[in-house]
Amino acid sequence: MEEETEQSRATQENTTVAIVVIQDGNKCDLDASPKGKDVVEPPSAGMMFKCIDELYEYYKTYGNQVGFPVFKKSTKNDKQGRLHFVTLSCGRGGKSRCKREKSVNPSLTMKIECNAKLNARVYDDGVVRVTSVFLEHNHELSPTRARYLPRRRSVSTSIKRRREKIDQADVTVAEPIASAAEYGEHENEPSLEKVCQNYIDNIDKARKLCLGVGDAGAICNYFNRMQEQNSNFYYSMDFNEEGHIRNIFWADERSRVAYKSFNDVVTFDTTYLTNKHDMPYVTFVGVNHHGLPILFGCGLVSGEDTETYVWLSMQWLACMCGNAPKAIITDQDMAMRKAIEIVFPEIRHRWCLWHIMKKISGKLSWHSNYELIKTTLMHVVYDSMSKEEFDFNWGQMIQKYSLQSNAWLSTLYDNHHRWVPVYVKDSFWAGMSTTQRTESVHAFFEGYVNSKTTIKQFVERYDKALKIKVEKELQEDLNSFSYCCPCVSHYNIEKQFQQAYTNSKFKEIQEEFKGKMFCYVHSMKEEEDFGVYEVIEDMVVDNGLSNQKVCFTVYFKQAEFDVRCSCRLFEFQGILCRHIITLLTVKGVYSVPQKFILPRWRKDLRREHTKVKVSYNNWNTTPEMQRYDLISKKFSVFGDFGCTSEENTQIVLDFIEQFRQNFNISDPLDGSGQPIFSVGGSGQPFQ
């Protein structure tokens with residue numbers, strides 16, 4: 001019997017070699033490891049490997065090639081304790097096991113019961129034979145994101161050595177990371193942002209730009225070079241009468257195209273740093289579908305007066321094809337306020353709450369009751385549930401501590417509609433209640449400049465820094481693509497958001513489902529298909545020092561499924577609140593219409609800026625980008641033909657319109673020929 005088994009095994013080995021010869025076109029034996037090849041063939045029964053490690057490396061290579069993570073699922077030993085069978089599987093196989101103590105705060109999981117796997121037998125001499133293979137996955141595969149997958153991120157000896165040298169050398173973080181990208185080793189870095197942040201934490205926070213002699217010409221050359229590489233790179237420079245640079249603005253094509261998807265709310269911030277020549281660094285920043293900051297443009301300005309801010313705002317607006325945002329956030333600068341009224345007269349403008357609250361100590365610390373005033377002010381601002389309650393509480397505070405003559409508080413109250421939460425929550429702000437998001441961009445850029453950095457060096461390092469921002473967005477895309485956060489309830493509404501939203505936004509929804517346990521419907525008034533309901537929430541107030549039962553009013557028009565709450569969380573952040581969820585579960589509603597699932601938070605949101613080829617992401621060209629570039633180049637002949645006459649222009653436009661209708665493609669232009677920039681999450685979802 002033993003002899004028969006050995007003969008059978010020998011036959012299988014010979015057959016396997018023959019198959020490999022046919023597939024690869026070269027003679028192959030057990031010493032020819034699949035991992036050494038750029039492209040490997042899919043696994044099949046009968047494949048032979050000289051050891052279990054070689055099999056594992058082969059299957060990992062295949063997983064990276066196709067786009068799925070690989071795990072060792074199980075092993076089985078014989079009676080002598082030697083490894084006899086092994087199963088390698090897709091990392092998304094199996095069920096999520098959420099411990100009871102974590103059921104209310106579950107961790108992200110990749111497990112979705114994928115059955116793709118490879119079974120193999122291990123012989124006494126260590127040789128491994130594949131016995132069976134299951135290739136079909138129950139999820140989408142992503143080869144372009146393979147380098148972010150678990151088990152893929154290993155650190156090579158060369159990378160470890162480079163990090164040791166970084167520790168010993170006095171260089172900026174941008175330089176070693178850029179060198180890794182230039183030589184192709186960026187692909188092997190396990191977590192560049194973490195490495196970067198570790199060094200940023202040790203850098204002096206008080207760095208400032210320095211304008212050196214000759215930078216004016218150098219920066220002009222740099223911008224011209226960028227525009228030659230990509231004609232959609234936008235820049236503008238403002239000179240004084242003596243020919244010296246006064247103001248600069250620039251934005252690359254990726255920022256301009258990204259604005260199409262996330263143009264609802266923008267922060268305009270000048271508080272980052274000011275150099276010895278008084279040229280503050282200005283950023284225009286929004287948030288993407290993960291809630292991460294995304295840059296829409298930046299500049300350097302010589303002053304902080306209305307004229308300067310008007311110039312900068314006009315340049316940015318021109319850069320974005322005249323398409324103004326729906327809302328903008330700034331600090332309290334009065335010159336900036338006037339500039340926004342001139343350039344953006346129709347948009348909603350609010351002040352940054354974080355900046356205001358940060359000034360409390362500087363403005364009120366002289367008072368003998370400072371600590372009591374500070375606590376009271378924070379309670380009035382954060383815990384007031386209605387405009388009437390805020391006005392009453394503010395008046396009580398002013399009266400109690402005799403603050404009628406305080407000019408700072410008087411100015412704040414006169415402009416309370418610009419910053420107090422209960423006054424601004426009627427509009428959509430994409431969760432940007434402060435400019436802390438732009439500060440996270442600032443903290444990132446601080447690792448790329450120091451007190452001796454010239455403007456030319458800053459712009460070049462700016463490109464290198466944005467490579468890391470692109471990496472972060474791609475990493476979050478993969479996390480939402482490959483991982484899911486288990487639901488904390490059995491309600492189908494939660495499952496709707498789990499399937500649609502990015503992980504970061506779904507976690508915000510989950511907080512509302514968790515908060516539902518502190519809510520109950522107290523009373524209701526119903527007339528035909530319209531009802532008014534009081535939902536009571538047991539809230540923690542005064543920084544956790546006390547509890548308070550707060551009543552929220554929920555309006556529900558069932559025929560149109562028009563529901564809104566007095567807390568206005570959905571209008572403010574695009575997140576369905578716990579009070580509405582409480583009512584819907586009581587009413588037996590098990591799903592919500594698509595209008596409550598905002599496109600701007602969806603994980604499958606198609607973003608055109610991911611196809612844009614710019615100087616800082618050429619190294620990460622994907623097949624999708626390559627196809628896009630090819631099609632764009634081919635379509636240039638239509639432009640060449642159409643521009644020769646009005647008749648030819650109409651022929652091309654008619655052809656494109658027919659193509660668009662045949663494939664049901666939405667029109668990217670409105671009647672004026674300007675791009676349509678729209679995304680879900682209007683500040684007025686209820687009419």
Side-chain angles (χ1 to χ4, degrees), residues 204-206 208 267-274 278 280 303-306 309 328-341 348-426 429 431-440 442-443 539-550 567-568 572:
D204 181 12
K205 300 299 181 183
K208 299 178 181 179
T267 64
F268 181 13
D269 188 40
T270 62
T271 61
Y272 176 35
L273 49 80
T274 303
D278 294 325
E304 298 180 79
D305 55 274
T306 300
Y309 289 142
I328 194 166
I329 302 173
T330 71
D331 61 19
Q332 289 175 262
D333 190 283
M334 291 302 172
M336 188 182 297
R337 172 183 167 181
K338 291 179 181 178
I340 289 174
E341 290 174 350
R348 185 77 186 268
H349 175 209
R350 63 170 290 189
W351 289 345
C352 166
L353 178 60
W354 180 81
H355 279 124
I356 292 173
M357 302 307 285
K358 189 175 70 169
K359 295 178 181 178
I360 293 177
S361 61
K363 299 291 185 179
L364 300 173
S365 59
W366 54 269
H367 202 286
S368 58
N369 292 318
Y370 166 67
E371 291 298 334
L372 289 175
I373 294 174
K374 179 181 177 181
T375 301
T376 304
L377 179 58
M378 294 183 72
H379 169 71
V380 172
V381 171
Y382 291 112
D383 296 336
S384 295
M385 297 298 163
S386 67
K387 298 175 182 178
E388 295 75 18
E389 183 181 353
F390 170 80
D391 291 338
F392 176 79
N393 290 339
W394 184 277
Q396 291 286 94
M397 177 188 70
I398 297 296
Q399 187 70 31
K400 182 177 180 179
Y401 298 107
S402 302
L403 297 169
Q404 292 88 345
S405 61
N406 188 282
W408 182 65
L409 290 175
S410 297
T411 301
L412 286 182
Y413 186 74
D414 290 342
N415 292 276
H416 57 264
H417 61 286
R418 295 188 183 276
W419 64 278
V420 179
V422 293
Y423 278 91
V424 300
K425 64 184 180 181
D426 289 338
W429 297 98
M432 298 174 69
S433 58
T434 72
T435 58
Q436 289 177 350
R437 294 193 187 281
T438 55
E439 286 165 10
S440 67
H442 295 156
M539 298 184 67
V540 177
V541 295
D542 294 333
N543 289 325
L545 298 177
S546 61
N547 285 56
Q548 177 182 343
K549 292 187 182 297
V550 180
C567 78
R568 311 298 279 177
F572 184 62

Item to check | Approximate separation, where rounding is to 0.5 Å, of Tyr309 OH and Glu304 CD | outcome: 4.0 Å

Item to check | Modelled atom types, side-chain donor and acceptor of His349 and Arg418, under 3.5 Å | outcome: yes

Checklist entry - Is NZ or CZ of Arg350 both nearer than 6.0 Å to the six-membered ring centre of Trp429 and within 45° of the ring axis? => result yes

Checklist outcome for this item: Between Ala335 and Asp305 the two heavy atoms that sit nearest each other are CB-C, 3.7 Å

Next on the checklist: Has Gln399 got a side-chain atom pairing as donor or acceptor with Gly395's backbone, closer than 3.5 angstrom?
Outcome noted: no

Next on the checklist: Contact between Val381 and Pro421 at the side-chain level, heavy atoms closer than 4.5 Å - yes or no?
Outcome noted: yes

Item to check | Derivation of the side chain to side chain contact (heavy atoms under 4.5 Å, CB included) call for Met539 and Met385 | outcome: CA-CA 11 Å; Met539 298 184 67; Met385 297 298 163; 3.6 Å; yes

Item to check | Spacing of Thr375 atom OG1 and Asn369 atom CG [to the nearest 0.5 Å] | outcome: 11.0 Å

Checklist entry - Rounded to the nearest 0.5 Å, how far apart are NZ of Lys374 and OG of Ser361? => result 7.0 Å

Item to check | Sidechain-backbone polar pair: Asn406 side chain, Leu409 backbone, donor-acceptor under 3.5 Å | outcome: yes

Checklist entry - Leu377 versus Ile360: any side-chain heavy-atom pair under 4.5 Å? => result yes

Item to check | Chi angles and distances behind the side chain to side chain contact (heavy atoms under 4.5 Å, CB included) call for Val424, Arg348 | outcome: CA-CA 9 Å; Val424 300; Arg348 185 77 186 268; 4.2 Å; yes

Checklist entry - Roughly how far apart are Asp331 CG and Lys358 NZ, rounded to 0.5 Å? => result 9.5 Å

Next on the checklist: A side-chain contact here means heavy atoms from C-beta on lying under 4.5 Å apart; do Met334 and Thr411 qualify?
Outcome noted: yes

Checklist entry - Given side chains that start at C-beta, do those of Asn393 and Thr376 come closer than 4.5 Å, heavy atoms only? => result no

Checklist entry - Does the side chain to side chain contact (heavy atoms under 4.5 Å, CB included) test come out yes or no for Ile328 and Thr267, once each step is laid out? => result CA-CA 6 Å; Ile328 194 166; Thr267 64; over 6 Å; no

Next on the checklist: Looking at every heavy atom in both Glu389 and Asp383, which two are closest together, and how far apart are they?
Outcome noted: OE2-O, 3.9 Å

Next on the checklist: Can you tell me how far apart NE2 (His367) and OG (Ser402) are? Round to the nearest 0.5 Å.
Outcome noted: 6.5 Å

Checklist entry - Do Gln332 and Leu412 touch side chain to side chain, with heavy atoms closer than 4.5 Å? => result yes

Checklist entry - Passes side chain to side chain contact (heavy atoms under 4.5 Å, CB included), Ile398 versus Tyr413? Steps please. => result CA-CA 11 Å; Ile398 297 296; Tyr413 186 74; over 6 Å; no

Next on the checklist: Classify the ring geometry of His416 against Phe390: parallel below 30°, tilted from 30° to 60°, perpendicular beyond 60°.
Outcome noted: tilted

Item to check | Within-4.5 Å side-chain heavy-atom neighbours: Asn415 and Trp351 | outcome: yes

Checklist outcome for this item: Taking every heavy atom of Met336 against every heavy atom of Asp333, the minimum-distance pair comes out as N-OD1, 2.9 Å

Checklist entry - Do other residues, nucleotides or ligands put more than 12 heavy atoms under 6.0 Å from the CZ atom of Phe392? => result no

Item to check | Trp408 and Lys359, any side-chain heavy atoms less than 4.5 Å apart | outcome: yes

Checklist entry - Where is the tightest heavy-atom contact between Val422 and Ser384, given as atom of each residue plus distance? => result CG1-O, 2.9 Å

Next on the checklist: Could you report the tightest heavy-atom contact between Lys425 and Cys567, atom names first, then the distance?
Outcome noted: CD-O, 3.4 Å

